[in-house]
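Written out below as structure tokens is the structure these notes cover.
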Protein chains: 2
Amino acid sequence: MNKYDQLDKHPSMAVVDSESNTRKIEKASVGLQLKAIRTKNKLTLEEASKRTGLARSTLSKIENEQISPTFSVMQKLAAGLDIDLPQLFTKPKESKITGRRDITLNEQGSPHATLTYEHELLAVQLRNKKMMPYKSRIHARNFEHFGEWIHHEGEEFLLVLEGEVQLLTEFYEPATLTEGDSAYYDATMGHLVISTSKKDALILWVTAE
Amino acid sequence: MNKYDQLDKHPSMAVVDSESNTRKIEKASVGLQLKAIRTKNKLTLEEASKRTGLARSTLSKIENEQISPTFSVMQKLAAGLDIDLPQLFTKPKESKITGRRDITLNEQGSPHATLTYEHELLAVQLRNKKMMPYKSRIHARNFEHFGEWIHHEGEEFLLVLEGEVQLLTEFYEPATLTEGDSAYYDATMGHLVISTSKKDALILWVTAE
DNA sequence: AACAAAAGTTTCTTATAGGAAACTTTTGTT
DNA sequence: AACAAAAGTTTCCTATAAGAAACTTTTGTT
């Protein structure tokens, strides 16, 4: 049996389609996701094996959809690769955000996650959404990202849930936002949010392309 | 070996704790979740078995954490029980949020403020936005709109800022959302939000067409 | 191009998940 | 309480996942 005749052993998964609002059958693949995550982080199977404690061959088989991993294995994958478990079967639609998330949170290779932001994606189960909502905890007075503008396609809305932040942008004066304040801007303009209070800030973000 | 000496075969999972903001080890259990979901729906193992196509014994073993289900089995569970896959390993609090996320309200366009809702549009200065953010105060226990579904184009995201609301929708079970909970849904499906607590509820809404 | 080293795949074996049926416990009725 | 029926658990067997090592393919160097 060569590598091209493998058969798909995996059943499909029902998901809510936000376009049509019908429950439709869509294939969720741990294999493709795993491979995407691993290659994106420039890891070889051997390195991924070391991090997760799983055999090289096992990883290969999962990536090629020859086996369906147990939950226990999925947990090892998530922990070892420093990702959230649902990422193993959710398509990373918004490359911008997940990209940003990689920069700040899990920068595998250099294993220290930066401490400035922690993002919690919301409504991750829904695919092809028009909007991408997430909450971010911005660590207090941490200016590690200062000077690095964030640019990406689309528009962004934010609401301060807790704390106080400074919204810095390429073309406007810095704005101080406190609990309940909101902002809306074109995300192609460089922007950056930092916490200015002694405690962490909690932000709700919604982006749309 | 009786039922009390079973050993825990499952590894733990690293999760970010939003309180302490540290990465701590927490156990994620498909078994406990499954049992909670099944009993909540008043299903016997036999009925759950019919719906999912899995053996009664298999379900029992998963619930008692004697085995770690494969991803393939988890998909069957989610599809058969009509839940989102992450609900199988997310604590009910969060799963209600993200797992639920399929419903709500907005009536921009019909500008009359009713007694039940008070809308505050945000970012009004900007025209031609992709998203429309606004805050709504939903008056306590006012059921004036009960029974009238709201339908409109686009998708909607909501986050509960204060209070507790019930999100009613045409196609899903009602969901109770409390402070910090969010939902995302196709707004062409009938939807309605009412306050279920004694005090008013405050909601952030973002819609996109 | 030839070779070596690294990366990835497949095979083979062992461990464990999943299903059928026997067994045990719980529930409800008299 | 005694019994029957239903619900849940365990055993035993088969199917399949996970690991070790052999094998193949790709990459990089001369």
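The basis for the numbers below is simple: all heavy atoms, side chains too, and nothing from hydrogens, waters or symmetry mates. Letters go in sequence order (proteins before strands), and every chain restarts at 1.
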Residue list, side-chain hydrogen bond (donor to acceptor under 3.5 Å, both in side chains) with A/Arg38, at least two apart or on another chain = A/Glu63

note = Residues passing the side-chain hydrogen bond (donor to acceptor under 3.5 Å, both in side chains) test with A/Asp186, sequence neighbours excluded, are A/Thr188

Using whole Å, report how far [atom1] of [X] lies from [atom2] of [N].
{"X": "A/Leu43", "N": "C/dA6", "atom1": "CG", "atom2": "C1'", "answer": "15 Å"}
{"X": "A/Lys50", "N": "D/dG19", "atom1": "NZ", "atom2": "P", "answer": "16 Å"}
{"X": "B/Glu65", "N": "C/dA17", "atom1": "CD", "atom2": "P", "answer": "12 Å"}
{"X": "A/Glu46", "N": "D/dT27", "atom1": "CD", "atom2": "P", "answer": "18 Å"}
{"X": "B/Arg56", "N": "C/dA20", "atom1": "CZ", "atom2": "P", "answer": "10 Å"}
{"X": "A/Glu63", "N": "D/dA17", "atom1": "CD", "atom2": "P", "answer": "16 Å"}
{"X": "A/Leu45", "N": "C/dA6", "atom1": "CG", "atom2": "P", "answer": "15 Å"}
{"X": "B/Glu47", "N": "D/dA7", "atom1": "CD", "atom2": "P", "answer": "7 Å"}

Counting heavy atoms from C-beta on, name the nucleotide in [options] closest to the side chain of [X].
{"X": "B/Leu54", "options": "D/dA17, C/dT9, C/dG19", "value": "C/dG19"}
{"X": "A/Thr44", "options": "D/dG8, C/dG19, C/dG8", "value": "C/dG8"}
{"X": "B/Lys35", "options": "C/dT9, D/dG19, D/dT9", "value": "D/dT9"}
{"X": "B/Thr70", "options": "C/dT10, D/dT10, D/dA17", "value": "D/dA17"}
{"X": "B/Lys61", "options": "D/dA20, C/dG19, C/dA22", "value": "C/dG19"}

query = Which residues pass the side chain to side chain contact (heavy atoms under 4.5 Å, CB included) test with B/Leu54, sequence neighbours left out?
reply =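 Checked B/Leu54 against side chain to side chain contact (heavy atoms under 4.5 Å, CB included); matches are B/Thr52, B/Leu59, B/Val73, B/Lys76, B/Leu77.
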
ask   = What residues form a side chain to side chain contact (heavy atoms under 4.5 Å, CB included) with A/Ser182, not counting sequence neighbours?
value = A/Phe157, A/Leu159, B/Leu122

request  = Would you kindly compare A/Gly53 and B/Thr58 by the position of their nearest DNA chain D nucleotide and give the one closer to the 5′ end?
outcome  =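 Mapping each residue to its closest nucleotide by heavy atoms, the 5'-most match is B/Thr58.
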
Side-chain N or O of [X] less than 4.0 angstrom from OP1 or OP2 on [N]?
{"X": "B/Ser57", "N": "C/dA21", "result": "no"}
{"X": "B/Gln66", "N": "D/dT10", "result": "yes"}
{"X": "A/Asn64", "N": "C/dG8", "result": "no"}
{"X": "A/Arg38", "N": "C/dG8", "result": "yes"}

task = Hey, can you tell me if A/Tyr134 and A/Trp205 have their rings parallel, tilted or perpendicular (30° and 60° cut-offs)?
result =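 A/Tyr134 and A/Trp205: parallel rings.
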
query = Considering the terminal five base pairs at each end of the helix from C/dA1-D/dT30 to C/dT30-D/dA1, what angle separates the two local helix axes, rounded to 10°?
reply =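 Its terminal axes enclose an angle near 40°.
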
Steps toward side chain to side chain contact (heavy atoms under 4.5 Å, CB included) verdict (B/Leu34, B/Leu81) = CA-CA 10 Å; B/Leu34 174 58; B/Leu81 301 176; 3.7 Å; yes

task = Can you sort out the partners of A/Arg56 under salt bridge (Lys or Arg N to Asp or Glu O under 4.0 Å), two or more places apart, ordered by chain and number?
result = A/Glu46

N/O donor-acceptor pair under 3.5 Å between B/Ser29 side chain and B/Gly31 backbone =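 Answer holds: yes.
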
